[in-house]
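Data block below; observations after.
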Amino acid sequence: MNRQQLLKRLDTAWTALRVSYTGLPDSQLIAAGVVDDWSIKDILAHITIWEEEALKHLPLLIEGGRPPRYSVTYGGIDAFNAQMVAQRRNLSLADVLHQLDTTHQRLIDFIQTIPDEHITRETRVRRRLRLDTYSHYPLHAQAIHAWRDRQA
């Protein structure tokens, strides 16, 4: 995979995520119960959190380091997710959407700077990108579509 293919894969998954909630009124974007007690707003904050994690840890991976383990630092990924989303629950929908867009653009800009050797073959960098982005977005897009179907 080259950089353009990676960016295309990421953009395709990102677009599908955005389509999953396009056209919904704000009242539905903030309604709890999409996934457990999470709203679409919470899901979008969660997506932003994982893109921020990628931006934080990719430079370390590029330098050959290893990020801290979530099981040690937070008691596991589920605990991390719950804690981070809870921290953002009081943000306005507008703030969450703004953070979503600006963080995603920062990630795209960062991907442009990653040395090719970390993209053109399967590396810890590319694995982290996959897990935090283009394989992550579809999980939540599907959940949103399923919720929308239940609302119909």
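Just so you know, residue 1 is the first one in the sequence shown, and it goes up from there. Computed over heavy atoms, backbone and side chain alike; hydrogens, waters and symmetry mates excluded.
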Using 0.5 Å steps for rounding, measure from the [atom1] atom of [X] to the [atom2] atom of [Y].
| X | Y | atom1 | atom2 | value |
| --- | --- | --- | --- | --- |
| Ser20 | His140 | OG | NE2 | 10.5 Å |
| Glu51 | Leu107 | CD | CG | 5.0 Å |
| Leu17 | Gln142 | CG | CD | 11.0 Å |
| Leu97 | Leu29 | CG | CG | 7.0 Å |
| Leu10 | Thr133 | CG | OG1 | 4.5 Å |
| Ser39 | Gln28 | OG | CD | 12.0 Å |

* List in chain and number order the residues that pass ring pair (Phe, Tyr, Trp, His ring centres under 6.0 Å) with Phe110, two or more places apart in sequence or in another chain; answer none if no residue qualifies. =>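 None.
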To check you understand the geometry: which heavy-atom pair defines the closest contact between [X] and [Y], and what is its length?
| X | Y | result |
| --- | --- | --- |
| Leu131 | His136 | O-CB, 3.2 Å |
| Trp38 | Asn81 | CZ2-O, 4.1 Å |
| Thr22 | Arg148 | O-NH1, 3.2 Å |
| Gly33 | Arg150 | O-NH2, 3.8 Å |
| Val34 | Trp147 | CA-CD1, 3.5 Å |
| Met84 | Ile49 | CB-CD1, 3.4 Å |

Beyond-backbone contact of [X] with [Y], side-chain heavy atoms, under 4.5 angstrom:
| X | Y | answer |
| --- | --- | --- |
| Lys8 | Gln5 | no |
| Pro67 | Glu53 | no |
| Leu129 | Ile114 | yes |
| Val125 | Ile119 | no |
| Thr48 | Val96 | no |

* Short side-chain to backbone donor-acceptor contact, Arg124 and Gly65, under 3.5 Å ->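 Side chain of Arg124 to backbone of Gly65, a donor-acceptor pair under 3.5 Å: yes, one is there.
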* Hydrophobic cluster identity match, Leu55 and Leu7, side-chain contacts under 4.5 Å ->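 Looking at the clustering, Leu7 is in the same group as Leu55.
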* Asked: Going only through I, L, V, M, F, W and Y residues with side-chain contacts under 4.5 Å, is there a path from Val85 to Ile77?
  ->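 In one cluster with Val85: Ile77, yes.
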* Under the salt bridge (charged side-chain N to carboxylate O under 4.0 Å, His left out) test, residues paired with Arg89 that sit two or more places apart ->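 Residues passing salt bridge (charged side-chain N to carboxylate O under 4.0 Å, His left out) with Arg89: Asp37, Asp42.
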* Asked: Is the number of heavy atoms from other residues, nucleotides or ligands within 6.0 Å of CG (Asp36) greater than 12?
  ->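 Open: at most 12 neighbouring heavy atoms sit under 6.0 Å from CG of Asp36.
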* If you look only at pairs with a residue in residues 106-121, which of them pass as a side-chain hydrogen bond (donor to acceptor under 3.5 Å, both in side chains), with sequence neighbours excluded? ->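 For residues 106-121: Arg3-Asp116, Gln105-Asp109.
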* How far apart are the C-alpha atoms of Leu91 and His98, what are their side-chain angles, what is the distance that settles it, and do they pass the side chain to side chain contact (heavy atoms under 4.5 Å, CB included) test? -> CA-CA 11 Å; Leu91 292 176; His98 177 73; over 6 Å; no
* Determine, step by step, whether Lys41 and Arg88 satisfy the side chain to side chain contact (heavy atoms under 4.5 Å, CB included) criterion, reporting the C-alpha distance in whole Å, the side-chain angles of both residues, the deciding distance to 0.1 Å, and the verdict. => CA-CA 10 Å; Lys41 181 186 106 172; Arg88 297 189 187 200; over 6 Å; no
* Ring centroid separation Trp50 to Tyr137 under 6.0 Å ->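 Here the rings of Tyr137 and Trp50 have centres that are no less than 6.0 Å from each other.
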* Hey, are Arg18 and Asp101 close enough for a salt bridge, meaning a charged N less than 4.0 Å from a carboxylate O? ->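 Yes.
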